[in-house]
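Here the structure comes first, spelled out in structure tokens, and everything after it is commentary.
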Amino acid sequence: KQIQNEESVVLFLVVWTVTEITRYSFYTFSLLHLLPYFIKWARYNLFIVLYPLGVAGEIMTIYAALPYVQKSGMFSMRLPNKYNVSFDYYIFLILVMISYIPLFPQLYFHMLRQRRKVLHGEVIVEKDD
């Protein structure tokens, strides 16, 4: 089965596209000192929905690719070989999916703090542990 035909690929590509158009519009207008409020608003609000959707699309796509990667040995290197190194892309993809568990909340809450600071003028004090 062709993974590029999965609905999850369309999901994350649409989300990434909207995100990047918003982000680079924000940067461009900011550099020109002509930032319309709706661009600023979009930059700091659309991520609330787009970020979880993008992550879901990425994880679903990786998950859909796992059987093919395992069966084909895609991007994997088995021993023995001239480099004396082993790499299993299937295991790597599983680790990538697992890494979303600790990383997603950190990045998402960072964006929420940035949103609060930029849109509401709140000063956020980071606590040292």
Side-chain angles (χ1 to χ4, degrees):
K1 183 177 177 183
Q2 296 288 324
I3 301 306
Q4 63 266 27
N5 295 333
E6 290 285 324
E7 291 83 10
S8 59
V9 174
V10 174
L11 174 64
F12 80 74
L13 285 177
V14 168
V15 167
W16 282 356
T17 301
V18 172
T19 300
E20 295 307 319
I21 289 169
T22 304
R23 180 190 337 237
Y24 289 108
S25 296
F26 175 82
Y27 291 153
T28 302
F29 284 110
S30 292
L31 285 171
L32 297 171
H33 303 289
L34 299 170
L35 181 63
Y37 183 76
F38 76 91
I39 298 279
K40 183 178 179 180
W41 181 91
R43 169 79 170 112
Y44 289 101
N45 282 292
L46 291 181
F47 82 90
I48 293 169
V49 173
L50 295 177
Y51 197 22
L53 285 175
V55 167
E58 291 171 16
I59 290 172
M60 290 187 312
T61 301
I62 294 170
Y63 185 77
L66 285 176
Y68 175 78
V69 170
Q70 187 177 34
K71 183 179 176 185
S72 69
M74 174 187 230
F75 303 129
S76 295
M77 187 181 285
R78 308 276 183 245
L79 286 172
N81 59 58
K82 68 179 182 178
Y83 302 110
N84 201 28
V85 173
S86 179
F87 177 76
D88 190 331
Y89 189 54
Y90 175 80
I91 298 297
F92 174 77
L93 289 177
I94 291 171
L95 292 173
V96 167
M97 288 192 309
I98 292 169
S99 75
Y100 277 89
I101 296 167
L103 295 177
F104 172 78
Q106 284 183 329
L107 297 171
Y108 191 75
F109 289 124
H110 170 74
M111 283 301 295
L112 285 173
R113 285 190 299 273
Q114 289 297 105
R115 176 182 180 268
R116 208 173 22 200
K117 185 171 92 175
V118 171
L119 294 181
H120 303 295
E122 292 183 25
V123 177
I124 291 133
V125 178
E126 297 289 331
K127 294 179 185 175
D128 290 332
D129 292 323

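When the side chain to side chain donor-acceptor pair (under 3.5 Å) test is applied to Y100, the partners found at least two apart in sequence or on another chain are E58. In this structure E20 satisfies the salt bridge (Lys or Arg N to Asp or Glu O under 4.0 Å) test together with R23, sequence neighbours excluded. Taking Y27 as the reference, Y24 meet the ring pair (Phe, Tyr, Trp, His ring centres under 6.0 Å) condition, with sequence neighbours excluded. Scored by the side chain to side chain donor-acceptor pair (under 3.5 Å) test, T61 finds S8 as partners (sequence neighbours excluded). Scanning for side chain to side chain contact (heavy atoms under 4.5 Å, CB included) contacts around A56 gives an empty result, with sequence neighbours left out. Remark: Q4 engages Q2 in a side chain to side chain donor-acceptor pair (under 3.5 Å) (not counting sequence neighbours).
More than 12 heavy atoms of other residues, nucleotides or ligands shown are found within 6.0 angstrom of CZ on F87. For F104, the CZ atom sits in a packed shell: over 12 heavy atoms of surrounding residues, nucleotides or ligands are nearer than 6.0 Å.
Between atom CD1 of residue I59 and atom OG of residue S99 there is a gap of 8.0 Å, rounded to the nearest 0.5 Å. Between atom CD1 of residue I21 and atom CG of residue L46 there is a gap of 11.0 Å, rounded to the nearest 0.5 Å. One finds the CD1 atom of I98 at 11.0 Å from the CG atom of L93 (value rounded to the nearest 0.5 Å). Put simply, CD on Q114 and CZ on R116 are 10.5 Å apart, with the number rounded to the nearest 0.5 Å.
Each side chain to side chain donor-acceptor pair (under 3.5 Å) pair with one or both residues in residues 74-98, not counting sequence neighbours, would appear here, but there are none. Among pairs with a residue in residues 37-51, none fulfils salt bridge (Lys or Arg N to Asp or Glu O under 4.0 Å), at least two apart in sequence or across chains.
Using a 4.5 Å cut-off on side-chain heavy atoms (C-beta onward), F109 and L112 make contact. No side-chain heavy atom of I48 sits less than 4.5 Å from a side-chain heavy atom of M111. I62 is listed as a side-chain neighbour of V96, based on a closest heavy-atom distance under 4.5 Å. No side-chain heavy atom of Y51 sits under 4.5 Å from any side-chain heavy atom of V15.
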Could you go through H120 and R115, starting from their C-alpha distance and side-chain angles, then the distance that decides it, and tell me whether this counts as side-chain contact (heavy atoms from CB on, under 4.5 Å)? CA-CA 8 Å; H120 303 295; R115 176 182 180 268; 4.2 Å; yes
Solution key, residues 29-39 side-chain donor-acceptor pairs under 3.5 Å, sequence neighbours excluded:
from : atom 1 : to  : atom 2 : distance (Å)
S30  : OG     : F26 : O      : 2.8

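Among all heavy-atom pairs drawn from L11 and L53, the shortest one is CD2-O, 3.5 Å.
Clustering of Ile, Leu, Val, Met, Phe, Trp and Tyr by side-chain heavy atoms under 4.5 Å joins F12 with V9, L13, W16.
In the hydrophobic clustering of this structure, M97 does not group with L103; members are Ile, Leu, Val, Met, Phe, Trp, Tyr whose side-chain heavy atoms approach within less than 4.5 Å, directly or through other members.
Aromatic rings of Y108 and F47 (six-membered ring for Trp) have centroids within the 6.0 Å cut-off, being under it.
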